[in-house]
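Residue numbers begin at 1 in each chain, while the letters A, B, ... track the order of the sequences.
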Amino acid sequence: MADLEAQLAEQVTAAAAAKRPLRIAGGATKTAILGRAIEGEVLAVGGHSGIVSYQPTELVLTARAGTPLTEIEAALAERGQALSFEPPHFGAGATLGGTLACNLSGPARPWGGSIRDMVLGVRLINGQGERLRFGGQVMKNVAGFDVSRLQAGALGTLGVITEVSLKVLPKPQATMTLVEESSDADAIQTMNRLAGRPWPITGAAWFDHRVHLRLAGEPEAVQAARREMGAMAEGDESFWTELREQRLDFFRGAVPLWRLSVGSTAAPLEKGQATLIDWGGALRWLRGGEAAHRQDQAAKAGGHASLFRGGDRTGEVAHPLPPALVAVHRRLKAALDPAGVLNPGRLYGWL
Amino acid sequence: MTDRVGLVGELRAVVDPQFVIADAETRRPFECDGLAIYRQMPMLVVLPGSADEVAQVMRICHRHNVPAVARGAGTGLSAGAMPHGEGVLLGLSRLAAIRAIDPLARTARVEPGVTNLSISQAAAPFGLYYGPDPSSQIACTIGGNVAENAGGVHCLKYGLTVHNVLAAKLVTVEGEILELGGPAQDAAGYDLMALITGSEGLLGVLVEVTVKLLPTPERAQVVVAGFATLRQAGDAVERLIGEGIIPAGLEMMDGLAIRAAEDFAHAGYPTEAEALLLCEVDGSAAEVAAQIARVDRVMRSFDPLRITVSQSEAERAALWKGRKSAFPAVGRISPDYYCMDGTIPKRELSNVLEGIARLSRHYGLRVANVFHAGDGNLHPLILFDASKPGETERTEEFGARILELCVKAGGCITGEHGVGLEKIRQMPAQFSDAEIAQFLAIKAAFDPTGALNPGKGVPLLAQCREYRAVSGARF
Ligand SMILES: Cc1cc2nc3c(=O)[nH]c(=O)nc-3n(C[C@H](O)[C@H](O)[C@H](O)COP(=O)(O)OP(=O)(O)OC[C@H]3O[C@@H](n4cnc5c(N)ncnc54)[C@H](O)[C@@H]3O)c2cc1C
């Protein structure tokens, strides 16, 4: 529960003056996943922690970047609310800032939005050590460019996130999980078809020959949707947590884990059991395989592939960008971090 | 000085000559957007017929170092689409095709000049619609919506434009076409879709947009309740949200707005009320039935003067008509009106409205208030008469004070209408010089010569210092 922003800013200013790269760390639960392995003096944001304000009827919570997700989720639960984007933790120390920097959202993402969708504002230290505020603590704010959402998925390369304001939502009153045997191809059709119906769906995944659906909302609405959806068996709620935290059998072992974010209707990318499908078809997890092949599969399915965990993390792990966008990325990076000291190389080797 | 004749010749070589407009009479309708107190005749109006033509026009402008201002339908309320005197006004109205609708993936790929409402109309046969519904939806374009990050009365539940767009094609100041986003839920690298949304035509020209479509709710019902005081209505809003109800729409109007809207739309509003709440819930029939009962119970516990629950689609449309036509309705009771767009934390509503009432007495100008109560977006409408000497200036000053009041209450100067030219003076009230400098650096990353919509959105630092000195602000 400390305010370390001034100290953090000083460390950034000094690093910028010396052109010394910094490696930003929150709870350090994601050091070995998502981005590239990088060197640099550690900038420890984890101690900059604590909920700054929480107004349940405003649907807004503001917390320092180092605040553990567990602390935030506990505070929300006390008032019957929750983070609609259902963030994965991947370990006990997961922080809010890291979750935004990685743009991590769980199975509810296509319906409950991503953390990027729920961000209302941030406090930020740019690469020159300046302490800045963007967005706000209100639902709508269109003054200035949306630098807050720009942080989502930037892996800290565009600023040190020190505080985040989020839109929070009531926890659904009832939930129900339904399971049915299905091929992957049929499951993709089913999940997309159901997502086009006005039913309270908040999860749709396929794994191990079975499609899993989650309904959440008013008890009457959940029951009514269940009746309309026909004879599906009731499943175990814990499936969604296991899926979110990557504790299902599929995720075990050291074989590199690829994340392919694609158009939700894309046909199965591979035959057999090699895939786990989440986000109603829009997220495909695959094990092993050559980078070029995975990128090709993702591109053909309208999306991008990234080496989420394992494999060679000194090479590129994110999907290559076309030259025109490389230029834009370089110029944006220079606009926010002219000395190039914030997590250089974490997202792309050249950035 | 620009070689206007040479420029016209080059432009007419790439765009159908009749759509490169040089004569004053045909240029005239483009001199302002929906905020008509700001006017400027453009040097030229160009209406390209394809994305490729837009790119070529931008290349020509770039070569001649001529500023370009994009324009959709011109319904903007912050003079964002007001032309530049030495520049090209780039109208996107001819790019109005719906390219593709994918019902299974629930997406629509459209040209930027397509109107907001026509997307929903085209999607309706598939049981789908486009979520954000600004009150101007019959006229405003999706390009303008993305440029302003437009909201609507249903955005508490379904989000703003930024939550409902997946991909875009953007023509850069140099005339290059960038492809941003895609059919997936996220894209590789930086979230450029987020950055472009709400960028007010400062970073590039949108020539194609892919939007998400939502399933049309099985049922929607609205509860309309009139209260004797604004505080009762405000408390009811607080209680609704506190009980875990997220209505599809939650709108509030004050007495003056209620009476103007009722006179105009005959929606059946209680004209004796000082506050009106419209609370809509939608979803499956079972969900709506359950929630309507809860909403009705909460509203009744605050002693409404009158409460109506819509029993048919026709009745629901009629009840909304009053709210959706509130701006033109207020326009009828005054020669002119000036619409403000601040946001505040909901708990500050009573304080801010009292502050506005005080300012109203001070400036001798009436105000009607329309409020997106669910998300704290306040639209005070200042009534004035532009033909009276000095009254426009007084109105603008009054408006500026309201925005400062919103910032002080923990809110911001614009929730959905954008900064444009209008609120550029209030930017330093919300942002420090370092923050403004950061915006300028981002602008320069896309537009190093500052040729895209110059003078809008982000003030220069010299202007900030000037505004601060004038307003004596302590920021
Ligand atoms: C009666 C009335 C009610 C309204 N209600 C609402 C409401 O409920 N919610 C709301 O959010 N707004 C509302 N508005 C404001 C306005 O309709 C919106 O801001 C709308 O998004 C503007 O769209 P447009 O096509 O008219 O854009 P324009 O006014 O033409 O342009 C607006 C801005 O976008 C830029 N722009 C336009 N097209 C492009 C493009 N293709 N590429 C890049 N930049 C572009 C322009 O340069 C300008 O800065 C209302 C306006 C009126 C008059």
Give, for atom [atom1] of [X] and atom [atom2] of [Y], the distance between the pair rounded to the nearest 0.5 Å.
X	Y	atom1	atom2	result
B:Ile246	A:Ser84	CD1	OG	10.0 Å
B:Gln185	A:Ser261	CD	OG	7.0 Å
A:Asn192	B:Leu104	CG	CG	4.5 Å
A:Leu351	B:Tyr190	CG	OH	3.5 Å
B:Leu160	A:Asp146	CG	CG	10.0 Å
A:Glu130	B:Ser432	CD	OG	8.0 Å

Top contributor to chain B contacts, counting heavy-atom pairs under 4.5 Å, from [options]:
options	result
A:Val326, A:Leu283, A:Thr157	A:Thr157
A:Glu220, A:Glu218, A:Met139	A:Glu218
A:Arg330, A:Lys333, A:Lys167	A:Lys167
A:Ala154, A:Gly144, A:Pro56, A:Ala327	A:Gly144
A:Pro110, A:Ser306, A:Ala301, A:Ser105	A:Pro110
A:Arg131, A:Gln81, A:Glu228, A:Arg197	A:Arg197

Heavy-atom distance under 4.5 Å to chain B: side chain of [X], backbone, both or neither?
X	value
A:Arg227	neither
A:Val328	side chain
A:Arg116	side chain
A:Gln55	side chain
A:Gln128	neither
A:Leu169	side chain
A:Leu260	neither
A:Val147	side chain
A:Gln151	neither
A:Ala266	neither
A:Ala143	both
A:Leu347	side chain
A:Leu321	side chain

[X] versus [Y], closest heavy-atom pair with distance:
X	Y	result
B:Gly410	A:Val138	O-CG1, 4.0 Å
A:Val142	B:Gly418	CG2-N, 3.6 Å
A:Gly303	B:Ala184	CA-CB, 4.2 Å
B:Ala434	A:Leu132	CB-CD2, 3.5 Å
A:Tyr348	B:Ala188	OH-CB, 3.7 Å
A:Ala221	B:Glu287	CB-CB, 3.4 Å

[X], [atom1]: over 12 other non-hydrogen atoms inside 6.0 angstrom:
X	atom1	value
A:Arg36	CZ	yes
A:Arg79	CZ	no
A:Lys171	NZ	no

Partner chain A: residue of [options] with the largest heavy-atom pair count (under 4.5 Å):
options	result
B:Gly244, B:Pro448, B:Ala437	B:Gly244
B:Lys212, B:Arg239, B:Gln291	B:Gln291
B:Gly198, B:Gly159, B:Ser284	B:Ser284
B:Ile413, B:Leu214, B:Leu203, B:Leu128	B:Leu203
B:Ala286, B:Gly127, B:Ala445	B:Ala445
B:Gly182, B:Gly181, B:Gly374, B:Ala290	B:Ala290

For the residue pair A:Phe145 and B:Ile196, establish whether any side-chain heavy-atom pair is separated by less than 4.5 Å.
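Sidechains of B:Ile196 and A:Phe145: no contact.
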Any A:Pro198 side-chain heavy atom under 4.5 Å of B:Glu218 side chain
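A:Pro198 reaches B:Glu218 side chain to side chain.
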Check for a donor-acceptor pair, side chain of [X] on one end and backbone N or O of [Y] on the other, with a separation under 3.5 Å.
X	Y	result
B:Gln438	A:Ala335	yes
A:His304	B:Asp186	yes
B:His163	A:Asp117	yes
A:Thr57	B:Ile241	no
A:Glu58	B:Lys346	yes
B:Glu416	A:Lys140	no

Measure [X] against the heavy atoms of chain A and call it side chain, backbone, both or neither at under 4.5 Å.
X	result
B:Arg294	side chain
B:Ile177	neither
B:Ile436	neither
B:Arg347	both
B:Thr107	neither
B:Gln426	neither
B:Asn377	side chain

Could you check A:Arg149 against B:Thr197 for side-chain contact (heavy atoms from CB on, under 4.5 Å), going step by step and ending with a plain yes or no?
CA-CA 10 Å; A:Arg149 290 201 170 87; B:Thr197 308; over 6 Å; no
Applying side-chain contact (heavy atoms from CB on, under 4.5 Å) to B:Leu192 and A:Leu325, what does each step give before you reach the verdict?
CA-CA 10 Å; B:Leu192 298 176; A:Leu325 287 184; 3.9 Å; yes
